[in-house]
Trainee: 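So that we are looking at the same thing, I have put the structure below in structure tokens.
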2 protein chains.
Amino acid sequence: MFRGGWGQHSWWQGKFRGCGYRITLGREAILDVLSKSDKHLSAEDIYTKVHSKYPNVGLTTVYRTLDVLVNLGLVFKSDFGDKRARYELAEGPKGAHHHHHLICTNCNRVIDYTDFIDEEIELLNRTEKGLSKKYNFKITNHLIQFYGLCSNCVGK
Amino acid sequence: MFRGGWGQHSWWQGKFRGCGYRITLGREAILDVLSKSDKHLSAEDIYTKVHSKYPNVGLTTVYRTLDVLVNLGLVFKSDFGDKRARYELAEGPKGAHHHHHLICTNCNRVIDYTDFIDEEIELLNRTEKGLSKKYNFKITNHLIQFYGLCSNCVGK
DNA sequence: GATACTATTGATAATCATTTTCATTAATAC
DNA sequence: GTATTAATGAAAATGATTATCAATAGTATC
Ligand SMILES: [Mn+2]
Ligand SMILES: [Mn+2]
Ligand SMILES: [Zn+2]
Ligand SMILES: [Zn+2]
């Protein structure tokens, strides 16, 4: 069967196969949509895009695939306060891609930033160390989001 | 009508009245439950407690009151990954009470911490300043959560 | 390529926290 | 007290996400 224009071995397929998952057309399409977007997509956003090209891929499969991808650590699932979960690639061909978010409370725009990560990480490490000791809590991850008004909304 | 043991003027009633809201028995009961708990309660948790004392207060009123309280800034609404929203007092008789969270990914325990390390505050100030300038984004609030294993779960 | 095994899928129904609706009740101003 | 209208409860609606289950399609083996 012909398989779109993704080439024989996409960067993610190794990890995927290694965990015993099968490579299917729907899964390829979903990862393709995620790879080509820099937005924070909802399951339905993804479904709409995939479905326009492959009308036989259903919303259920999108949810199920996203779940797998999140568990594999290939995708991040976030909650920005609208009622739906948002998904974005956590790791691309180039590797990991940790970042934090600026969220506009007026227009709901979400900005990724990685600029200050280095400086932040340094201080985060110290903070995490202090907290770990004080509360005997083994920190494995963090969520940092700043809320406010984006450049479009700050002038009211 | 007799009104429980809350005294004539609870600390929150001024703010409440000032915004044009009426003081009702249900609202008093809900705020009383929140005041007396140091947990992160769901709407239904609150409903259950209120309802045992005032069986004529409904779940809808709990949701509506919490919504008002969140908008007034008297209550914080959080999402810890179980599917329900969690509520806690943001401001008590003693004043504001900003804190961050440690969340156990194993048992879902949530630990508040307010004893910010100096470095953490320093980090936030510098980051916020840098981000504001770079993205022309007016930061008004932040959400910081650390995920990991609590003292009960760290030993597996 | 054909076969067997079983993971994956789509259509549908179910779940469940939260919202809406709307007629009734009660807090507040006068 | 009376009038005004915010607040309420019961019930139905909503909407994102999950569960069900028979049909389909990947994959390993021949
Ligand atoms: Mn992002
Ligand atoms: Mn808290
Ligand atoms: Zn904005
Ligand atoms: Zn724990």
Side-chain angles (χ1 to χ4, degrees), chain A residues 1-4 6 8-10 12-14 16-31 40-48 50-51 53-72 75 77-87, chain B residues 1-4 6 8-10 12-14 16-31 40-48 50-51 53-72 75 77-87:
Chain A
M1 177 192 283
F2 178 67
R3 279 298 182 74
W6 294 303
Q8 292 310 328
H9 301 289
S10 295
W12 52 271
Q13 298 198 356
F16 215 74
R17 273 231 170 73
C19 294
Y21 293 108
R22 294 179 178 174
I23 312 290
T24 68
L25 195 126
R27 286 171 172 176
E28 284 183 302
I30 289 164
L31 264 149
H40 303 86
L41 301 171
S42 67
E44 194 149 16
D45 291 339
I46 295 167
Y47 167 72
T48 303
V50 168
H51 195 258
K53 208 168 185 176
Y54 300 93
N56 49 334
V57 173
L59 180 57
T60 311
T61 291
V62 173
Y63 274 109
R64 277 189 290 228
T65 299
L66 287 171
D67 201 46
V68 169
L69 293 171
V70 168
N71 285 333
L72 286 180
V75 162
K77 181 179 183 179
S78 306
D79 166 35
F80 295 132
D82 56 352
K83 302 289 180 179
R84 59 201 61 202
R86 299 274 166 183
Y87 302 86
Chain B
M1 178 193 282
F2 177 67
R3 279 300 182 74
W6 293 304
Q8 294 309 329
H9 301 288
S10 295
W12 53 272
Q13 298 198 358
F16 214 74
R17 274 231 170 73
C19 293
Y21 293 108
R22 293 178 180 176
I23 312 290
T24 68
L25 194 125
R27 287 170 172 176
E28 285 182 302
I30 290 164
L31 264 150
H40 302 87
L41 302 171
S42 68
E44 194 150 15
D45 290 338
I46 296 167
Y47 167 71
T48 303
V50 169
H51 195 258
K53 208 168 186 176
Y54 301 92
N56 50 334
V57 173
L59 180 57
T60 310
T61 290
V62 174
Y63 274 109
R64 277 190 289 229
T65 299
L66 287 170
D67 202 47
V68 168
L69 293 172
V70 168
N71 285 332
L72 286 179
V75 163
K77 181 179 182 178
S78 305
D79 165 36
F80 296 131
D82 55 351
K83 303 290 181 177
R84 59 202 60 203
R86 298 274 165 184
Y87 302 86

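First the proteins, then the strands, lettered A, B, ... as listed; each starts at 1. Please read these numbers as outputs of a predicted model, since none were measured by experiment.
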Trainee: Roughly how many Å is it from CZ in A/Arg22 to P in D/dA28, rounded to a whole number?
Mentor: 9 Å
Trainee: Does the side chain of B/Ser42 come under 3.5 Å of the side chain of B/Asp45 through a donor N or O and an acceptor N or O?
Mentor: yes
Trainee: Between CG of A/Leu69 and NZ of A/Lys77, what distance do you get to the nearest 0.5 Å?
Mentor: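 If I round to the nearest 0.5 Å, the distance is 12.0 Å.
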Trainee: Between the protein and nucleotides 13-17 of chain D, list the N/O to N/O atom pairs that are separated by less than 3.5 angstrom.
Mentor:
residue: D/dA16; atom: OP1; partner: A/Arg84; partner atom: NH2; Å: 2.4
residue: D/dT17; atom: OP1; partner: A/Ala85; partner atom: N; Å: 2.8
residue: D/dT17; atom: OP2; partner: A/Tyr63; partner atom: OH; Å: 2.5
residue: D/dT17; atom: O5'; partner: A/Tyr63; partner atom: OH; Å: 3.4

Trainee: Which word best sums up how the rings of B/Tyr47 and B/His51 line up, parallel for under 30°, tilted for 30 to 60°, or perpendicular for over 60°?
Mentor: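 B/Tyr47 vs B/His51 ring planes: tilted.
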Trainee: How many whole angstroms separate atom NE2 of B/His51 from atom C1' of D/dA10?
Mentor: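 Taking NE2 of B/His51 and C1' of D/dA10, I get 12 Å after rounding.
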Trainee: How many whole angstroms separate atom CZ of A/Phe16 from atom C1' of D/dG26?
Mentor: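 Checked: the CZ to C1' distance equals 12 Å.
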Trainee: Within this structure, what is the CD-to-C1' distance between A/Glu28 and D/dG26, rounded to whole angstrom?
Mentor: 11 Å
Trainee: Verify whether the ring centers belonging to B/Tyr87 and B/His40 lie closer than 6.0 Å.
Mentor: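 Centroid separation for B/Tyr87 and B/His40: 6.0 Å or greater.
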Trainee: Within this structure, what is the CG-CD1 distance for the pair B/Leu66 and B/Ile30, rounded to the nearest 0.5 Å?
Mentor: 6.0 Å
Trainee: With a cut-off of less than 4.0 Å, is there a side-chain N or O of A/Thr60 near OP1 or OP2 of D/dT18?
Mentor: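 Looking at the OP1 and OP2 atoms of D/dT18, neither is under 4.0 Å from any side-chain N or O of A/Thr60.
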Trainee: Contact class for A/Arg27 (heavy atom, under 4.0 Å): base, sugar-phosphate, or nothing?
Mentor: sugar-phosphate
Trainee: Mind calculating the distance between CG (A/Asn56) and P (C/dT9) to the nearest angstrom?
Mentor: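 It works out to 11 Å between those atoms.
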Trainee: Rounded off to whole Å, could you give me the OH-to-P distance for the A/Tyr47 and C/dA11 pair?
Mentor: 7 Å
Trainee: Working to the nearest 0.5 angstrom, can you tell me the gap between B/Glu28 CD and B/Ile23 CD1?
Mentor: 6.5 Å
Trainee: Mind calculating the distance between CG (B/Leu25) and P (D/dT8) to the nearest angstrom?
Mentor: 10 Å
Trainee: Could you check how far CZ of A/Arg64 sits from P of C/dA7, rounded to whole Å?
Mentor: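 Nearest whole value for this atom pair: 14 Å.
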